[in-house]
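Inspection log for the structure reproduced underneath, given as structure tokens.
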Amino acid sequence: MNIVVCLKQVPKKDSILRIAADQKWIDDRDISYEMSEADAYALEEALRQREKHGSGEVIVLALGPERVRQSIKEALAKGADRAIHLHDDIFNSATDAAGVARALAAALKDEKFDLVFTGLQSDDYGFAQVGLILAETLGLSSATIVMEVQPEGDSVRVKRELESGWFQWVKIPMPALLTIQSGINQLRYATLKGIMAAKKKELKEVKAADLGLTAQALQPAQVIEKAYLPIKSKQTEIIAGKPAEAAAKLVEKLKFDARVL
Amino acid sequence: MNIERETLEMDVLLVGAGPANLSCALHLTNLVAQHNEKAKADGGRQLHELNIAVIEKAAEIGAHQLSGAVLDPISLRELLPDFEKDAPFEAPVGDEKVYFLTASGKIPAPILPPPLRNHGNYVISLNKFVRWLGDKCEAAGVNIFPEFPGWEMLYDNNAVIGVRTGDKGIDKNGKPKAVFEPGVDIVAKVTVLGEGVRGSLTKQLLKQLKLDAGKDPQVYSVGVKELWEMPDDRFPAGSIIHTMGWPLDSHTFGGSWVYGMKDRIINIGLAVGLDYRDPKIDPHHEFQKFKTHPLFAELLQGGKMIRYGAKAMPVGGWYTMPKPTHDGVMIIGDSAATLNGERLKGIHTAIKAGMLAAETILEALLADDYSDKILSRYETRLKESYVGKELYQTRNFHQAFDKGRNMGLMIAGISTLTGGRLPTRLPIKAGHEHMQHQQANGADRYADLKYDDKLTFAKLTDVYYSSTAHDEDQPCHLHVLDTNICIDRCTKEFGNPCQHFCPASVYEMVEDKESRKLHINFSNCVHCKTCDIMDPYQIINWVPPEGGGGPNYRNM
Amino acid sequence: MSEGILLFIEQRDGKLNRTSLETLVAVQKIAATTGDTTSAVVLGQGINEVATEIAAKKLAKVYTVEDDKLATYTPDAYVGALKQVIEKLNPRMVAFSHTYRVRDFAPRLTAALGKTFVTDCISFRQDGNDTVFTRQIFQGKINTDVRVQSAPPIFVSFQAGSYRADLAEVGDAPAAVEALAVDLSSVDVRTQTEAPFQEAKQAVDLTQAPLIVAIGRGIKEKDNIKIIEDLAAAMGAEIAASRPICDNEWLPMDRQIGSSGQTVAPKLYLAIGISGAIQHVVGMKNSQTIVAINKDPEAPIFDIADYGIVGDLFDIIPALTAEVKKAKGE
Ligand SMILES: Cc1cc2nc3c(=O)[nH]c(=O)nc-3n(C[C@H](O)[C@H](O)[C@H](O)COP(=O)(O)OP(=O)(O)OC[C@H]3O[C@@H](n4cnc5c(N)ncnc54)[C@H](O)[C@@H]3O)c2cc1C
Ligand SMILES: Cc1cc2nc3c(=O)[nH]c(=O)nc-3n(C[C@H](O)[C@H](O)[C@H](O)COP(=O)(O)OP(=O)(O)OC[C@H]3O[C@@H](n4cnc5c(N)ncnc54)[C@H](O)[C@@H]3O)c2cc1C
């Protein structure tokens, strides 16, 4: 069983985010990065599937600048077998989901795999699209927001999360792309031995030109015109009166003004 | 719990990725390379390629590092002669001012006191600096393992043979979780502790081997700082201000710094001596109050606070330095009190200490003898170096403050003028012993301190800006050895000062109908070590939490 | 020339998904500024009722697409069918609600058509001929205004709760319902589905709860939580808490809101005896309506509340429970 895991690196959860001077993105100086949460679960699921299956490879595929190596190394330390890093300035043009998916698809053209895992969405842009665009481009079957994975012969049976506490099992033929939900498993820790072993694993750097891609081809079709902190223009209405009066007034407001009851 | 543990063999293991250990690791790889080149030429014995490991409790190098900092480049120039090419420094020190503050005024120092003169030095961010140094180490083949705290010293008789790293995946009741990963026994020919201030392994080791016998107790200060992003260049990179005086009372040692950094960032902080008397003193609150001084309220006007942090530092110096070596082990940097308390500088001394340790380790490798016989040469080297000289000269500095600020300033003045010579060696007691019982009707020191979320911030708001996080499902890493003291004696005698001296609101006394108890919000902990130091009963034992937990300092 | 806005209506077992009505409001608002005609499309089988329900709203037309292959939802059949619908109708814009189902097929659809898809938007602004969409990044910490730079149709999805379904405009007369034929014979449906199910015991997912009653240390003791449970039951709300409550294990960890807990944005967040520390506030500040009950008039929670009552929660909560029951006619 060969599984490709697409990894994205994003600012750490607890980062204090500031808007960049050009108001197009965050100020990315002095930010620490980590694997996007759902991607970390996707990696873990791939490692577990491979271990259960007993053979095959887990291949990490990541696009991004130099700093992404740190997350790739972490994935290798946890047990991935090899990694492909799409890394040069041309890839910086890919700022929408389609551009990223196009580059990832190009990198997978010559790879042999049964499954491709991505996170269900990234913690930064949150497009929730890259996986499916990749599936469409490569002609793979797909299932999203996956909570359990059971390979069965040439197919894979997966438990999808639906809204409001509902789930559904679906079966799709392999090769298939699954977008993995956070919490599907428990993340392992990288071990010292794993970290040492990772140093010897293959980490292939791929340039856009190697894939026949140009900045033009990766141009985004949607762009962030402005990034800003959500504006809360709230006026707090203090409701006075004895408890019973205040309670009655509040219910009235919630029912008729805010219409939330 | 009987756990099977793996063993990892290394030549040299360094605990803590601070300037001391990273310099040691880098210098050692250089020395070995030089040695081998020479041996090759002369047909001498070559050393095999060394396995050097640095373990660090933070999630990445530098994430637990907080400093001023003004760097004296003297030792860095020896380690990396062309550091100016790519070192991530903010700026060379430019405009320098020193004031003595009163509640609303300032008295400029007529001349810059020599210890505060910084011409030729650099304003730097320590965590940027160590990340850069870490990259150099990795490029030289050093293994750096973030997220692996040293948990326990490993001994063979009394010789140190390595360190056990912390277990991962233990739940809050102490039971292994499904992903449990036991700590590893890293055994090494030489183990170097460069854990920084009040190292938890260092504490174990000093106790086990009595390496601090006959030394003065260490004294500490805690520094609380914020970074501010300014709308303009009003305080250019490289500008510095130091102050003494207000708001600290005359029994409290300390002072402030304001350093201009790149990109319109102001770095402002206050160091408070951890030998104050009033148990109600709260370093975070003192710092907030300090910022309301007209000088700083005006300076920060229109800016935005973007980061917060706190860390202690050992300021005792010469007479407090433990014996730094024993069979198989060395202690370097802040862990062994190489900081110069008078200049408030410990980075250059830590770097030099690391280099001298490396030179000693090379000798041990060549002799294949890792006993104290060879390792103890480090102490001699250190004391004979310029680090030894500057520490010796300032040997009476903090001790002088033991007598209170005014007296202290005078003595320190004399001491500076006379190259450290005082008629007699001053007696000293541990910082926490200075704390006095609370006054029954003592005034609230901070009654008029208001948090406006513009200039001043509540402690928890500040803690948010330290980006601190721990996995909540793990045992509390702050071991309070006897909580009965907290609810009884300490409440009466000191009014639970842990609630005040902790700059991260970790300790809280909570009351419900029938009881009053200590609640420890361990996940707020910024790893400053103040509680371990300042608790009047010395019943708080700080141990590292699961690897990776703690603050995430950037640019601090 | 592409023209008009097409709204995707989601249904399961012939039941309308309410979020489609929210997106209808967005679509009506866009059309009000651009003069676009608006139509809706429903896919499935046995969908007449849904179509009729939607046709009552102010829309030019409601299209129904029925096919055996659409009886149960699969991404392949939906992509195949909608591709043909879009090619036939040639709309200028296609709007979805950002539901789990839409997330499961719409990116494939847009990729198949070679179009860009602006997902999970919370609002829009018309700028000349362009519609500029607002979407959140970094899990709601930052807003962005996004402009599409490719030729129509523009694909967009709106986050649940961004618009209020009850504000959907009703038409003067019901819109015409028209069946659209599609040919799915060449569509290879690769997904075999099983029946959806609910798990017996599941962790609460507060992110899905429309109403949340949250308690903080002001509740004083575990036993007092009872009065909050009564209120929550009367309102049909989920209970959440600040960290100290979960630290004390008075409520399980999965009910903690804040930086080390869940991030939620319900329609109503009632904060009771919560001071409003920044670590708590980051987890709930995007709630649509925030009510704070606290005895300290200076408590920071009031800074972000829409409504506040200053007073003792032990007096106010029982009164509030009684009022809620009264309002619900119990
Ligand atoms: C507020 C403040 C201001 C200062 N200003 C200046 C200044 O202006 N100029 C100057 O030169 N110096 C200054 N210093 C002092 C200087 O920062 C220190 O002297 C210097 O950082 C010491 O280096 P070190 O390598 O010994 O320890 P540290 O820099 O403290 O590094 C120790 C490392 O070890 C890690 N560690 C600790 N325990 C363990 C364990 N058990 N397992 C794994 N890892 C562990 C820590 O996380 C840390 O990363 C200041 C210090 C403070 C606190
Ligand atoms: C790293 C870190 C992570 C954290 N993560 C979280 C998190 O995820 N979630 C979280 O909630 N907190 C978190 N915290 C803790 C947070 O900082 C606060 O300590 C916590 O939110 C306070 O909870 P509280 O408002 O319930 O309690 P308090 O701050 O004690 O407030 C209690 C409030 O109740 C009011 N009150 C008391 N009695 C009454 C009464 N009878 N009637 C009405 N009002 C009354 C008081 O006026 C007060 O405002 C975190 C902290 C840190 C440092």
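Computed from a predicted structure; not experimentally measured. Throughout, protein chains are lettered first and strands after them, A, B, ... in sequence-line order, and every chain is numbered starting at 1.
Looking at A:Ile239, both its backbone and its side chain come within 4.5 Å of chain C, counting heavy atoms on both sides. Of the two parts of C:Thr207, neither the backbone nor the side chain holds a non-hydrogen atom closer than 4.5 Å to a non-hydrogen atom of chain A. Contacts between C:Leu167 and chain A at a heavy-atom distance below 4.5 Å involve the side chain alone, from C-beta outward. Residue contact with chain A, scored on non-hydrogen atoms closer than 4.5 Å, is absent for C:Val282. Interface remark: C:Asp166 contributes side-chain atoms only to the contact with chain A (heavy atom separation under 4.5 Å). Heavy atoms closer than 4.5 Å to chain A are found nowhere in C:Tyr269, neither backbone nor side chain. Neither the backbone nor the side chain of A:Leu134 comes within less than 4.5 Å of any heavy atom in chain C. For A:Ala143, the part lying near chain C is the backbone, with the side chain staying farther off; criterion is any non-hydrogen pair under 4.5 Å. With a threshold of 4.5 angstrom between heavy atoms, C:Ile309 approaches chain A through its backbone and through its side chain. Of the two parts of C:Phe105, only the backbone, made up of N, CA, C and O, holds a non-hydrogen atom closer than 4.5 Å to a non-hydrogen atom of chain A.
Taking both residues in full, the closest heavy atoms of C:Gly80 and C:Val187 are given as CA-CG2, 4.0 Å, listed atom of the first, atom of the second, then distance.
Remark: the backbone N or O of A:Lys226 is not paired with any side-chain donor or acceptor of C:Asp145 at under 3.5 angstrom. Using modelled atom types, no side-chain atom of C:Ser157 and backbone atom of C:Phe96 make a donor-acceptor pair closer than 3.5 Å. Counting only distance, with no hydrogens or angles, the side chain of A:Glu237 and the backbone of C:Asp306 share no donor-acceptor pair below 3.5 Å. Judged by distance alone, with hydrogens and angles left aside, the side-chain atoms of A:Ser36 form a donor-acceptor pair with the main-chain N or O of A:Asp123 at under 3.5 Å. Checking side-chain atoms of C:Arg135 against main-chain N and O of C:Gln159 turns up no donor-acceptor pair under 3.5 Å. Remark: the backbone N or O of A:Thr179 is not paired with any side-chain donor or acceptor of A:Thr118 at under 3.5 angstrom. Here the side chain of C:Asp13 pairs no donor or acceptor atom with the backbone of C:Lys15 at under 3.5 angstrom. No donor-acceptor pair under 3.5 Å is formed between the side chain of C:Thr144 and the backbone N or O of A:Ile224.
When C:Lys267, C:Gln149, C:Arg190 are compared by the number of non-hydrogen pairs under 4.5 Å with chain A, C:Arg190 comes out ahead. Ranked by heavy-atom pairs under 4.5 Å with chain A, the first of C:Asp315, C:Ile316, C:Thr191, C:Thr289 is C:Thr191. Contacts with chain C were tallied for A:Arg259, A:Glu245, A:Lys253, A:Lys249; A:Arg259 has the most, counting heavy-atom pairs under 4.5 Å. Counting heavy-atom pairs closer than 4.5 Å to chain A, the top-ranked of the candidates C:Leu320, C:Val132, C:Asn143, C:Ile137 is C:Asn143. For the set A:Val251, A:Asp124, A:Ile133, the entry with the most heavy-atom pairs within less than 4.5 Å of chain C is A:Asp124. Interface summary for chain C: among A:Ser142, A:Ala98, A:Ala244, A:Ser122, the most heavy-atom pairs under 4.5 angstrom belong to A:Ser142. Comparing A:Gln219, A:Glu136, A:Gln23 by how many heavy-atom pairs each has under 4.5 Å with chain C, the most go to A:Glu136. Ranking A:Ser15, A:Ser141, A:Gly126 against chain C, the residue ahead of the rest is A:Ser141, based on heavy-atom pairs under 4.5 Å. When A:Lys24, A:Lys255, A:Glu161 are compared by the number of non-hydrogen pairs under 4.5 Å with chain C, A:Glu161 comes out ahead. Top candidate by heavy-atom pairs under 4.5 Å with chain A, chosen from C:Ile293, C:Val79, C:Asp104, is C:Asp104. Among C:Phe302, C:Phe133, C:Phe117, the residue with the largest count of heavy-atom pairs under 4.5 Å with chain A is C:Phe117. Options C:Thr99, C:Asp120, C:Asp76, C:Val310 differ in how many heavy-atom pairs under 4.5 Å they form with chain A, and the most are formed by C:Thr99.
Atom-to-atom distance recorded for A:Leu140:CG and A:Leu115:CG is 9.5 Å, nearest 0.5 angstrom. From A:Gln121, atom CD reaches atom OG1 of A:Thr144 across 11.0 Å, with rounding to the nearest 0.5 Å. From C:Arg101, atom CZ reaches atom CZ of C:Arg12 across 7.5 Å, with rounding to the nearest 0.5 Å.
Between A:Asn185 and A:Glu45, the side chains place a donor N or O and an acceptor N or O closer than 3.5 Å (distance only, hydrogens not considered).
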